[in-house]
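Got a structure for you, questions after.
Residue numbers start from 1 in every chain, and the chains themselves are labelled A, B, ... in the order their sequence lines are given, proteins ahead of strands.
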There are 2 protein chains.
Amino acid sequence: MKMSEGVEWALHCCLTLAWLGKDGGSVPTARLAAAFELPPAYLNKCLQLLVKAGILVSTAGVKGGFRLARAPARITLLDVVTAIEGPEGAFRCAEIRQRGAGASAPPREFVRPCGIAVAMRRAETAWRRELAAQTVADLLDAAPPSASERMRCWQLTQVH
Amino acid sequence: MKMSEGVEWALHCCLTLAWLGKDGGSVPTARLAAAFELPPAYLNKCLQLLVKAGILVSTAGVKGGFRLARAPARITLLDVVTAIEGPEGAFRCAEIRQRGAGASAPPREFVRPCGIAVAMRRAETAWRRELAAQTVADLLDAAPPSASERMRCWQLTQVH
DNA sequence: GCGATGCTACTCGGATAAAAACTGTCCGAGTGGCATCGG
DNA sequence: CCGATGCCACTCGGACAGTTTTTATCCGAGTAGCATCGC
């Protein structure tokens with residue numbers, strides 16, 4: 001059960017966009033990739049997922065790039081995780097209770113969901129609740145102010 | 001982020017062992033695999049993980065097999081999930097904040113952990129807490145009594 | 001001088017390969033029961 | 001009849017392939033700015 005690295009990348013990029021894009025400018029993939037030494041093409045793939053989810057908006061052309069689609073306070077960590085990992089939960093009940101020994105049971109016994117699936121779903125719900133309670137704005141507040149400034153200074157050095 | 005199917009298998013096997021092994025007998029892999037139409041060899045691999053974690057005990061020999069190492073009330077879902085999936089969390093912080101733009105930052109800035117990692121860890125902790133709050137005994141109570149009896153009857157038909 | 005127009009460089013976006021993890025399979029070491037043999 | 005002993009069938013346990021998911025890469029479609037050309 002390994003979460004995609006794209007989640008970490010996406011969150012750091014959201015934070016960076018919140019810092020750099022304050023003046024309304026778009027940031028291209030190449031610059032975000034350079035900011036964290038990530039493979040640019042694959043990072044682009046992750047950012048596209050965020051666009052599809054409505055978290056980012058993309059602009060084509062020579063001065064194009066990505067920027068946040070809405071205020072950081074309205075982007076939860078759950079939004080980002082779901083955008084990258086997909087809507088399905090980690091645990092998927094295959095209903096093996098109905099196979100083998102359970103094949104001869106009356107169908108009405110399987111009307112109520114499998115207790116194991118319920119328990120696992122409950123845990124994942126708690127996980128989602130915690131993720132939904134945190135926003136990108138919270139991450140901005142928690143990060144040291146120097147990081148924001150360093151990122152902004154670094155961006156100037158990258159202008160060719 | 002897909003959880004291994006072995007988790008579902010292991011939980012169903014723990015439930016089955018609690019039902020069948022009441023009289024102290026061990027249940028071999030082949031019988032558990034037949035009970036859910038699972039690949040026997042791979043299921044055996046999962047059961048070995050449970051043995052390593054101290055959840056099951058295995059007995060070799062002609063009347064051998066697996067049985068619960070302790071009472072169902074003392075086996076949490078977290079125990080089983082950790083045994084199959086390993087102790088590491090789903091999210092692993094790669095500290096990309098220290099690379100690229102952050103490479104020139106003073107080391108003391110990275111003493112406190114990455115805010116993103118903290119937030120993700122908090123969510124996973126909530127997930128673990130829910131899993132730890134549920135035991136195999138709770139699953140036994142939640143399952144319909146007919147399932148227990150059916151499994152016991154079915155077992156008799158499997159004796160060669 | 002001013003506007004329209006064609007061009008170029010740069011961007012995103014999706015289709016295409018390599019790598020890793022998960023899933024599935026096989027065979028060997030070890031053990032306990034059981035039949036046999038001897039006393 | 002009772003005990004010791006050797007054998008055998010059955011079990012777990014770890015080493016070996018196949019398949020799906022993840023990671024990484026490349027190239028094409030499209031767009032915005034800019035220089036050029038014409039009026």
Side-chain angles (χ1 to χ4, degrees), chain A residues 1-10 13 17 21 25-34 36-53 55-67 69 81 83-86 88-92 94 96 158-160, chain B residues 1-10 13 17 21 24-34 36-53 55-67 69 81 83-86 88 90-92 94 96 158-160:
Chain A
M1 186 178 54
K2 190 169 74 75
M3 180 174 289
S4 170
E5 298 183 29
V7 171
E8 182 181 6
W9 301 0
C13 286
L17 287 174
S26 292
V27 183
T29 301
R31 193 166 301 167
L32 285 171
F36 300 106
E37 293 177 10
L38 302 176
Y42 186 44
L43 177 63
N44 189 16
K45 196 179 182 63
C46 295
L47 296 176
Q48 285 175 32
L49 292 174
L50 296 181
V51 171
K52 274 189 181 175
I55 297 169
L56 302 184
V57 289
S58 61
T59 311
V62 63
K63 283 283 187 179
F66 296 91
R67 65 182 190 278
V81 170
I84 300 293
E85 293 287 337
E88 301 185 61
F91 180 87
R92 295 112 189 247
I96 64 174
Q158 294 303 110
V159 175
H160 65 283
Chain B
M1 186 179 53
K2 191 168 72 76
M3 180 174 290
S4 169
E5 296 184 27
V7 172
E8 182 181 6
W9 301 1
C13 286
L17 287 175
S26 292
V27 183
T29 301
R31 194 165 300 168
L32 286 171
F36 301 106
E37 293 177 8
L38 301 177
Y42 186 44
L43 176 62
N44 189 16
K45 199 180 180 62
C46 296
L47 296 176
Q48 285 175 32
L49 291 174
L50 296 181
V51 170
K52 274 191 181 173
I55 297 170
L56 303 184
V57 289
S58 62
T59 312
V62 63
K63 283 283 188 178
F66 295 91
R67 65 183 190 278
V81 170
I84 300 292
E85 293 288 337
E88 302 186 62
F91 181 88
R92 295 110 188 249
I96 65 174
Q158 295 303 108
V159 175
H160 63 285

Starting from the 5' end of DNA chain C, give me the residue, B:Lys63 or B:Glu85, whose nearest nucleotide shows up first.
->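 Between the two, 5'-proximity favours B:Glu85.
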
Would a 4.5 Å heavy-atom cut-off, applied to side chains only, mark B:Ser4 and B:Glu85 as touching?
-> yes

Using a 4.0 Å heavy-atom cut-off across all strands, classify A:Thr29 as base, sugar-phosphate, or nothing.
->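 Sugar-phosphate contact only - A:Thr29 comes under 4.0 Å of backbone atoms but never of a base.
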
Between C:dC22, C:dC12, D:dG14, which nucleotide gets closest to the side-chain atoms of B:Tyr42?
->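 The closest nucleotide is C:dC22.
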
In whole angstroms, how far is the P atom of D:dT11 from the CG atom of B:Asn44?
->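 From B:Asn44 CG to D:dT11 P: 11 Å.
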
Would you say A:Leu32 and A:Thr29 make side-chain contact, with heavy atoms under 4.5 Å?
->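 No, too far: nothing below the 4.5 Å cut-off.
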
Would you give the length of the straight line joining atom SG of A:Cys13 to atom CG of A:Leu43, rounded to the nearest 0.5 angstrom?
-> 4.5 Å

Do B:Val57 and B:Arg67 come within less than 4.5 Å of each other through their side chains, counting heavy atoms only?
-> yes

Over how many whole Å does the gap from A:Met1 atom CE to C:dT23 atom P extend?
->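 Distance, rounded to whole Å: 12 Å.
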
Candidate nucleotides C:dC10, C:dT31, C:dC12, ranked by approach to the side chain of B:Ala60 - the nearest = C:dT31

Taking the nucleotide of DNA chain C with the closest heavy atom to each, which residue, A:Phe66 or B:Thr59, is nearer the 5' end?
->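 The residue closer to the strand's 5' end, by nearest nucleotide, is A:Phe66.
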
A:Arg31 CZ - C:dC10 C1' separation (whole Å) |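 After rounding, the gap between these two atoms is 12 Å.
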
Taking only the side-chain heavy atoms of A:Trp9 (C-beta and beyond), determine which of D:dA24, C:dC10, D:dT23 contains the nearest atom.
->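 Nearest to the side-chain atoms of A:Trp9, counting from C-beta on, is D:dA24.
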
For the pair made of CD1 in A:Ile84 and C1' in D:dT21, what is the distance, rounded to whole Å?
-> 15 Å

Which nucleotide sits closest to the side chain of B:Pro39: D:dG33, C:dG24, C:dG13?
-> C:dG24

Of the candidate nucleotides D:dG13, C:dG13, D:dG33, which contains the atom at the shortest distance from the side chain of B:Gln48?
->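 The listed nucleotide nearest to B:Gln48's side chain is D:dG13.
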
Within this structure, what is the NZ-to-P distance between A:Lys45 and D:dC26, rounded to whole angstrom?
->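 Nearest whole value for this atom pair: 15 Å.
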
Taking CG from B:Leu50 and C1' from D:dC12, how many angstroms apart are they, rounded to a whole number?
->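 Between C1' of D:dC12 and CG of B:Leu50: 14 Å.
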
A:Leu43 CG to D:dC26 C1', in whole Å, measures 16 Å

Would you say B:Phe66 and B:Asn44 make side-chain contact, with heavy atoms under 4.5 Å?
-> yes

To the nearest angstrom, the CG-C1' distance between B:Leu47 and D:dC12 comes to 10 Å

Describe the nucleic acid contact of A:Gly6 in one word from base, sugar-phosphate, nothing, applying a heavy-atom distance below 4.0 Å.
-> nothing

Counting side-chain heavy atoms from C-beta on, which of C:dT11, D:dC12, C:dG14 comes nearest to A:Pro28?
->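 Out of C:dT11, D:dC12, C:dG14, the nucleotide with an atom closest to A:Pro28's side chain is C:dT11.
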
From the options D:dT22, D:dT11, D:dC26, select the nucleotide whose nearest atom is closest to the side chain of A:Lys2.
->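 When the side chain of A:Lys2 is considered, D:dT22 is the closest of D:dT22, D:dT11, D:dC26.
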
Measure from the side-chain heavy atoms of A:Ser58 and tell me the nearest of C:dC12, D:dT23, C:dC10.
-> C:dC12

